Amino acid sequence: MSSTPLVSVIMPVHNAAGTLGQALRSAQAQTHTEWELLAVDDASDDESWDLLAVAAAADERVVPIRSTEPLGAAVARNRAIERARGSWVAFLDSDDLWLPGKLERQLAFGAETGAPLTYSWYYKVAADFAGDAVDFQPNDRVIRAPEELTYRRMLRANYIGCLTAMYDRDRLGARLMPELRKRHDYALWLSILRDGHVARGLPEPLALYRAARPGALSEKKLDLVRHNWQLYREVERLSVPRSALSLATATLRSVRNGRR
């Protein structure tokens, strides 16, 4: 590439051939064009790697990284973060999408607020959503977040959708995700805020989150409870009463969002 990109987009990929094209096109449709997309293929056995190779051949900003052994999402993301060259690090999963102005709006918001970690609201769409972000018609399934988050408030629940998060690598360094099987994104936001930083949220939806299939919903909620408890007790070292309170609040928020 001819110049250092302003934003490094981190994308783990595993057997995502059905949605990967939509996600890539949503990055390529950004009004802010100075980015690199580091896509780590995590031992996919579908056509994901072939799709990434084609995308990279057509657009030098797409940087495919292949793992022949399963890494898990946290390690895959960290492998990409370690290779990131941008001043900001952003996250886009291979089944989610960004609206075209996402990066431009959020970079301006970061410059305005001076916050080293920013995020936004986002829309939920159906699991079988087949459109492109540029053609999306707004719906009423908006997941909102507080406009300001401290460490103490963030312990109540993970208010930051990973697909909306961006952190300032120039100020924070290359912050990696704790290598947990789940909730590693939540653990990263907590680690940044634990250092005394304050995160700021842009109160408008800038991304599209693909909802879980209805049949997987109850299992996903139980999984969330287990992994949140591990995070609160083993990573954040909270007491049992404080962990229980945080877990109750996080679970309630998750249930409410699941109904939208």
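Keep in mind it's a predicted model, so treat the numbers as computed, not measured. Computation of the quantities below employed the complete heavy-atom set of this structure, encompassing side-chain atoms and omitting hydrogens, waters and symmetry-equivalent molecules.
- Put simply, the side chain of Asn15 gets close to the backbone of Asp45: a donor and an acceptor are under 3.5 Å apart.
- Considering CG of Asp132 and CG of Leu24, their distance stands at 11.0 Å, rounded to 0.5 Å.
- The closest side-chain heavy-atom distance from Trp35 to Gln28 is below 4.5 Å.
- A single hydrophobic cluster is seen to contain both Leu188 and Val40, as judged by linkage of ILVMFWY side chains at heavy-atom distances under 4.5 Å, directly or through other members.
- Under the 4.5 Å side-chain criterion, counting only non-hydrogen atoms from C-beta, Cys162 is in contact with Arg77.
- The closest donor-acceptor contact from the side chain of Gln22 to the backbone of Phe129 lies under 3.5 Å.
- Counting heavy atoms from C-beta on, the side chains of Arg61 and Thr33 come closer than 4.5 Å.
- Heavy atoms from other residues, nucleotides or ligands lying under 6.0 Å from CZ of Arg175 number more than 12.
- A salt bridge does not link Arg210 to Asp95: none of the charged nitrogens lies less than 4.0 Å from a carboxylate oxygen.
- Here CG of Leu99 is found 6.5 Å from CG of Leu206. Values are rounded to the nearest 0.5 Å.
- For Thr164 (side chain) and Gly161 (main-chain N/O), a donor-acceptor pair under 3.5 Å exists by modelled atom type.
- With Tyr186 contributing its side chain and Met154 its backbone, the two residues share a donor-acceptor pair below 3.5 Å.
- Atom CD1 of Ile143 and atom OG of Ser120 lie 11.5 Å apart (nearest 0.5 Å).
- The two residues Phe109 and Gly201 have their closest heavy-atom pair at CZ-O, 3.4 Å.
- A salt bridge is absent between Asp59 and Arg25; no separation between the charged side-chain nitrogens and carboxylate oxygens falls under 4.0 Å.
- Remark: side-chain polar atoms of Asn139 are paired, donor with acceptor, to backbone N or O of Lys124 under 3.5 angstrom.
- Summarising the geometry, atom NZ belonging to Lys102 is positioned 5.5 Å from atom CE belonging to Met166; distances are rounded to the nearest 0.5 Å.
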- Query: Should Tyr151 and Glu236 be marked as a side chain to side chain donor-acceptor pair (under 3.5 Å) after you check the CA-CA gap, both sets of side-chain angles, and the distance that decides it?
  - Reply: CA-CA 11 Å; Tyr151 176 72; Glu236 296 306 313; 2.5 Å; yes

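- Using a 4.5 Å heavy-atom cutoff, the side chains of Leu190 and Leu155 are in contact.
- Side-chain contact check for Arg141 versus Val125: every heavy-atom pair is 4.5 Å or farther apart.
- Scanning all heavy atoms of the two residues, the minimum distance from Leu37 to Ala27 falls at CD1-CB, 3.8 Å.
- Side chain of Asp46 to main chain of Ser48: a donor-acceptor pair is present (N/O by atom type, distance under 3.5 Å, no hydrogens or angles).
- The same ILVMFWY cluster, assembled from side-chain heavy atoms under 4.5 Å apart, contains both Leu52 and Trp98.
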- Query: Could you walk me through whether Ile160 and Leu117 pass the side-chain contact (heavy atoms from CB on, under 4.5 Å) check?
  - Reply: CA-CA 10 Å; Ile160 300 177; Leu117 172 62; 4.0 Å; yes

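- Nearest heavy-atom pair, Glu69 versus Ala43, reported as atom, atom and distance to 0.1 Å: C-CB, 3.8 Å.
- When every heavy atom of Asp93 is checked against every heavy atom of Ala23, the shortest pair comes out as O-CB, 3.8 Å.
- Of the possible donor and acceptor atoms, none in the side chain of Trp88 sits under 3.5 Å from a partner among the backbone N and O of Leu6.
- Rounding to the nearest 0.5 angstrom, the gap separating the CG atom in Leu149 from the OG1 atom in Thr118 is 11.5 Å.
- Here the CD-CD distance, from Gln106 to Glu204, works out to 9.5 Å after rounding to the nearest 0.5 Å.
- Arg169 places a side-chain N or O within donor-acceptor distance of the main-chain N or O of Arg85, the cut-off being under 3.5 Å.
- The shortest heavy-atom contact between Ala74 and Leu180 is CB-O, 3.6 Å.
- Other residues, nucleotides and ligands contribute only 12 or fewer heavy atoms inside 6.0 Å of the CD atom of Glu147.
- Grouping the Ile, Leu, Val, Met, Phe, Trp and Tyr side chains by contacts below 4.5 angstrom, directly or via other members, places Val63 with Ile81.
- When the side chains of ILVMFWY residues are joined at heavy-atom separations under 4.5 Å, either directly or via intervening members, Phe91 and Leu202 end up in two distinct hydrophobic clusters.
- No side-chain heavy atom of Asp42 sits less than 4.5 Å from a side-chain heavy atom of Pro12.
- Glu148 CD: more than 12 foreign heavy atoms inside a 6.0 Å radius.
- Val142 and Phe136 fall within the same hydrophobic cluster, defined by Ile, Leu, Val, Met, Phe, Trp and Tyr side-chain heavy atoms under 4.5 Å apart, directly or through other members.
- Contact annotation: the side chain of Trp49 never approaches that of Ser44 to less than 4.5 Å [non-hydrogen atoms, C-beta and beyond].
- Between Pro178 and His184, the shortest heavy-atom contact is O-CB, 3.2 Å.
- The backbone N or O of Leu103 sits less than 3.5 Å from a side-chain atom of Gln30, completing a donor-acceptor pair.
- Between the Asp96 side chain and the Tyr209 main chain, no donor and acceptor come within less than 3.5 Å of each other.
- Between Asp41 and Pro64 there is no side-chain heavy-atom pair separated by less than 4.5 Å.
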